[in-house]
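Excluded from the calculations below are hydrogen atoms, water molecules and symmetry mates; all remaining heavy atoms, backbone and side chain alike, are included.
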Amino acid sequence: MINSSSMKILVLALSISLVSVTNNAQAAAQSGAKCKKLGSTTISSGKKYTCIKQGKAFVWNKGVAVKPTSTTTTTTTTTVVPTTSTVKWQFDGKTWVAQGTAPACSMPVIAEGALLDFSRVKSIEQPGQVRGGSYKPHAAVRWSDYGSYVNGVSITAPFDGEIVVAAQYKQGGNFQFLLNIIHPCGIMLRIGHLREPSDFVRDILRKLPAAVEMDSRESSLSGVYIKKGQLIASEVGMDSPTQPDMHGSFIDFGLVDLRSRNASLPASFSSNADTKYSTYSVCWYEGSYLSNADRAKVSVLPFSSGISSSDYCTRR
C-alpha cells in the first residue's frame with residue numbers, strides 16, 4: 001500500500017517529467033534549440049526541423065515550411081468501355097441465330113464519316129446484282145475512274161464489333177484482304193479489296209494462310225474485337241492489276257442484317273453466292289443504316305458500270 005508521503009513524491013515526479021517533456025517539445029520547435037541526434041528531424045508549427053552540428057553542439061536548424069497533410073478523400077470514377085461482347089451470331093445453315101441476348105440496334109449503325117468519307121467517292125456498283133458472271137450481294141465503292149488510282153483512302157471501323165472472318169490473297173499481283181465485322185445487335189459489315197492494313201489488322205493477318213493469287217478463302221475468327229474509329233486500312237484497291245477494268249481505288253462494301261432475311265427477295269431466290277450472305281444482305285444506302293448526310297451523298301452517285309439493276313435497291 002502506498003502511504004501519503006510516497007503518493008506526494010510520485011505526483012511530484014510525474015509533474016517534473018511532464019514539464020520536462022513539454023519543455024523538450026517547445027525546444028524542438030525552436031530554431032537553435034539543442035537536439036540529440038545529428039540528422040534527426042521533427043515537424044513543429046508547420047515547419048520541418050533538422051538536427052545539425054553547430055560548433056560542438058547539436059541544434060535544430062531554421063526549418064523548412066511543409067504543406068499540411070490533407071484529410072480530404074478524392075474518389076475517381078473510371079468508366080470502363082467493354083472491348084468484348086457476350087453475344088455471338090452463328091449461321092445454322094438456314095438462319096442467323098444470336099447466342100446470347102442481342103441489344104437493340106441503334107440507327108444509324110454507321111454514323112456520318114465513321115466508315116469512310118463519302119464526299120470523295122466518285123461512283124458505286126449496286127448490291128444485289130450479277131457482276132463478272134457472279135452474283136454480288138455487296139456493292140462496290142470507287143474513288144477513281146478505271147485506269148487511274150487515288151492514294152490515301154482510309155477505312156475505319158464504324159462501330160465496336162467482333163471480327164469473325166478475315167482473308168488475304170493476291171489479285172493481279174496486288175495484295176488484298178477482307179474482313180467481316182459483326183455489331184452485337186446483328187449487323188455485319190463485309191469489306192474487301194483493302195490493300196494496306198493497319199498494324200492492328202496486320203497482326204491478325206499474320207495468323208492466316210499466306211496470300212496466294214486468286215485464293216480468297218475465308219478464315220473464321222473468334223474473340224477478335226475492334227473498336228469504333230480504329231483504322232482498318234490506309235490504302236484500298238489495286239494500283240497495278242493485270243486487268244485494266246479493275247485498276248483503281250475501290251472496295252467491296254456490303255451490309256448483312258442478320259436479324260431477318262431480306263424481304264425483297266422471293267422465297268424461291270437462289271444464286272451462286274453464299275446463302276448466309278446473299279439472302280441477308282441489304283441495300284445499305286437506303287433505310288436507316290447510314291446517316292442521313294451519307295445517304296444523301298450516295299443517292300446521287302453514278303453507277304460505275306452504268307448498270308442499275310438490283311434485287312435490293314429501289315433506285316434504278
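Inter-residue side-chain proximity for Leu265 and Asp311 is flagged as met; some heavy-atom pair is nearer than 4.5 Å. Taking 4.5 Å as the limit, some side-chain heavy atom of Val256 sits within range of a side-chain heavy atom of Tyr280. Side-chain contact between Pro184 and Glu162: absent, with no pair of heavy atoms (C-beta onward) separated by less than 4.5 Å. With a 4.5 Å cut-off on side-chain heavy atoms, His183 and Trp89 do not count as touching. Looking only at side-chain heavy atoms (C-beta outward), Leu179 and Ile232 come within less than 4.5 Å of each other. Side-chain contact between Leu208 and Leu221 is present, with at least one heavy-atom pair separated by less than 4.5 Å.
Between Asp92 and Lys94 there is no salt bridge, since none of the side-chain N atoms of the basic residue sits less than 4.0 Å from a carboxylate O of the acidic one. Look at Arg295 and Glu112 and you find no salt bridge, because none of the NZ, NE, NH1 or NH2 atoms lies under 4.0 Å from a carboxylate O.
Counting all heavy atoms, side chain and backbone alike, Val282 lies closest to Asn262 at CA-ND2, 3.9 Å.
With Ser198 contributing its side chain and Leu231 its backbone, the two residues share a donor-acceptor pair below 3.5 Å. Between the side chain of Ser144 and the backbone N or O of Ser249, at least one donor-acceptor pair lies under 3.5 Å. Side-chain atoms of Arg315 do not come within 3.5 Å of backbone N or O of Ser308 as any donor-acceptor pair. A donor-acceptor contact shorter than 3.5 Å is absent between the side chain of Arg261 and the backbone of Thr279. Under the 3.5 Å distance criterion, the side-chain polar atoms of Glu235 are left unmatched by any main-chain donor or acceptor of Glu196. Judged purely by atom type and a 3.5 angstrom limit, Ser310 uses its side chain to pair as donor or acceptor with the backbone of Pro127. Side-chain atoms of Trp143 do not come within 3.5 Å of backbone N or O of Gly237 as any donor-acceptor pair. A side-chain donor-acceptor contact under 3.5 Å links Asn272 to the backbone of Tyr135. Although no hydrogens or angles enter the test, the distance criterion places no donor-acceptor pair under 3.5 Å between the side chain of Ser291 and the main chain of Ala111.
Applying the salt bridge (charged side-chain N to carboxylate O under 4.0 Å, His left out) test to residues at least two apart or on different chains, the pairs with a partner in residues 113-127 are Lys122-Asp145.
Under a cut-off of 6.0 angstrom, the local environment of NZ in Lys228 is sparse, with at most 12 non-hydrogen atoms contributed by other residues, nucleotides or ligands. Residue Lys170 places its NZ atom among 12 or fewer non-hydrogen atoms of other residues, nucleotides or ligands, all under 6.0 Å distant.
With respect to Leu115, the side chain to side chain contact (heavy atoms under 4.5 Å, CB included) criterion is satisfied by exactly one of Ile191, Val141, Leu290: Ile191. Of the candidates Asp294, Ile110, Asp257, Tyr289 forms a side chain to side chain contact (heavy atoms under 4.5 Å, CB included) with just one, namely Asp257.
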Original post:
Step by step, would you call Ile251 with Leu116 a side-chain contact (heavy atoms from CB on, under 4.5 Å)?
Top reply: CA-CA 11 Å; Ile251 60 169; Leu116 57 91; 3.9 Å; yes

**OP:** Decide side-chain contact (heavy atoms from CB on, under 4.5 Å) for Gln99 and Thr86; before the verdict, give the C-alpha distance in whole Å, the side-chain angles of both, and the deciding distance to 0.1 Å.
**Re:** CA-CA 8 Å; Gln99 306 295 322; Thr86 57; over 6 Å; no

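Ring-plane geometry between His193 and Tyr169 is classed as perpendicular, the angle between the planes exceeding 60 degrees on a 0 to 90 degree scale with a lower cut at 30.
Ring-centre distance between Phe118 and Tyr285: not below the 6.0 Å cut-off.
Val300 forms part of no hydrophobic cluster, judged by ILVMFWY side-chain heavy-atom separations under 4.5 Å.
Separating the OH atom in Tyr277 from the CG atom in Leu258 is a distance of 10.0 Å, to the nearest 0.5 Å.
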